[in-house]
Chemist: 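Have a look at this one.
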2 protein chains.
Amino acid sequence: MPAAPNLEQRRTAQRARTRRTILDATEQLLLDVGMQAFSIRKLVAECGYTAPTIYQHFGDKDGLLDALVDERFERLEERLRRLRRSGDPVEILRTRALAFIRFGIRNPRHVQLASALRARKHAVPPSMEEARALLEQPWVQLWEAERIRAGDWHSAAQALGALCTGIVVARIENPDHDWSKTLADDAVDALLRGLVIDYSEGTPRR
Amino acid sequence: MPAAPNLEQRRTAQRARTRRTILDATEQLLLDVGMQAFSIRKLVAECGYTAPTIYQHFGDKDGLLDALVDERFERLEERLRRLRRSGDPVEILRTRALAFIRFGIRNPRHVQLASALRARKHAVPPSMEEARALLEQPWVQLWEAERIRAGDWHSAAQALGALCTGIVVARIENPDHDWSKTLADDAVDALLRGLVIDYSEGTPRR
DNA sequence: AAAGATAGGTAACGCTGTTAAAGGATCCAG
DNA sequence: CTGGATCCTTTAACAGCGTTACCTATCTTT
């Protein structure tokens, strides 16, 4: 049987609860009115707390949105970690890249927010950096196995990263365009074919 | 010898001049303070005109920025048109894609602005759409020559477009990262190798 | 029971985009 | 040469924004 909760424990628990409430309301309002029309005033009108409370917990409007984005990107990090780690590094790359793209397409507002936040401050949410690292890491093995066609290891990793963000950004920025259903698969496959030496044809896919 | 300018001609000339002044001041202020801190008040304090004048000419803050972006992207369109149109379509694609990326890297503020504007309104600057069309057009020839490896024609075009915007966005969003000097060349080459059937090795480049 | 910390509320400051109403300059008709 | 119409520009204000100095109530500790 657990001991009665300490004072400090209760306090931090309370803090966590109000943080949660505020974050949930933020997410809801953001989905309702869009990130352009989102404002602290509307948020406090809906979430029950008042402005200074929010500033006490998150410091800043950007801090609040940062927290929201970071939290969501932690899910991506988790998912990437859950995918299999062993086997052909190219296959790992392919799987992670597709998961990355899928996540971006399913969370357009958060991606957009992350981009806007990075545009004004220099800070990147740590979970996002972590996800990128997971997407770059398998390239090291390929490099050591001398399976990278041209250029250095960074170049290849950055190329795949750029392709992923490019697909996500393009699809987010004009969702009405009739995007090829197989775009992500085709593009990632093609880039990997072009970058890696012996991934030309005999891949298990298709 | 030209006739004395008509009244209407003189008026539109005058309009064009003030438009020019305002746009130049906008560009300057934007470069000075960054797009986050840019405001109409600061603009009117620097350009000599007052707020309603600007609203008369551009309708809106977004309209003003739209005009600025559109104007700049017309340069890209021109440059893409100036590049050679004949020869191997793959080579045309490669050249245009690299010009596209180069332009984005050299005009980060305008690209960022275009992205931000597209995020709130649905409108895309026409010159930007034109540039994209120029980047997609050569794919049709490749498709007719049955030189596209897998998927449909749209898929390939969208993949290359996504890679280009991805590289630009990535480099703009964190300019401090030490980007591989050959990233753009390597990435575009690799993707084309993976997408097009007989572009594997014997390209004139390198 | 007194004292002190702490979460939360009140009300204000300075800034923003935007616009209604008014002021002039410039051109045509008589 | 003069009266009137048509633009273009300015003055002054509105509503909403992010943010913060100050105050209040509640609850733990001594």
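In what follows, every chain begins at residue 1, and chains take the letters A, B, ... in the order their sequences are listed.
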Chemist: Answer yes or no: does atom CZ of A:Arg20 have more than 12 heavy-atom neighbours from other residues, nucleotides or ligands under 6.0 Å?
Modeler: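 Yes, because the 6.0 Å sphere around CZ of A:Arg20 holds more than 12 heavy atoms from other groups.
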
Chemist: Here's a test of your reading of the structure: between B:Gly59 and A:Ala51, which maps to the more 5' nucleotide of DNA chain C?
Modeler: A:Ala51

Chemist: Whole-Å distance between C:dG17 P and B:Ile40 CD1?
Modeler: 6 Å

Chemist: Looking only at side-chain atoms of B:Ser39, point me to the closest of D:dT10, C:dG8, C:dT16.
Modeler: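 The listed nucleotide nearest to B:Ser39's side chain is C:dT16.
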
Chemist: Round to a whole Å and report the spacing from NE2 of B:His57 to C1' of D:dT10.
Modeler: 13 Å

Chemist: Among C:dG9, D:dC8, D:dT19, which nucleotide sits nearest the side chain of A:Arg41?
Modeler: D:dT19

Chemist: Using a strict 4.0 Å threshold on nitrogen-to-oxygen distance, state whether B:Glu78 and B:Arg75 make a salt bridge.
Modeler: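 Not counted as a salt bridge, because no side-chain N and carboxylate O are separated by less than 4.0 Å.
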
Chemist: Nearest to the side chain of B:Tyr55 - D:dT10, C:dG8, C:dT18?
Modeler: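 Nearest to the side-chain atoms of B:Tyr55, counting from C-beta on, is C:dT18.
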
Chemist: What integer distance in Å separates A:Lys42:NZ from D:dG18:C1'?
Modeler: 13 Å

Chemist: Whole Å only: how far is the CZ atom of B:Phe38 from the C1' atom of C:dC15?
Modeler: 15 Å

Chemist: Where the side chain of B:Pro52 is concerned, which of D:dT11, C:dT18, C:dG8 is the nearest nucleotide?
Modeler: D:dT11

Chemist: Look at A:Thr50 and C:dG9 and indicate whether a side-chain polar atom (N or O) is within less than 4.0 Å of OP1 or OP2.
Modeler: yes

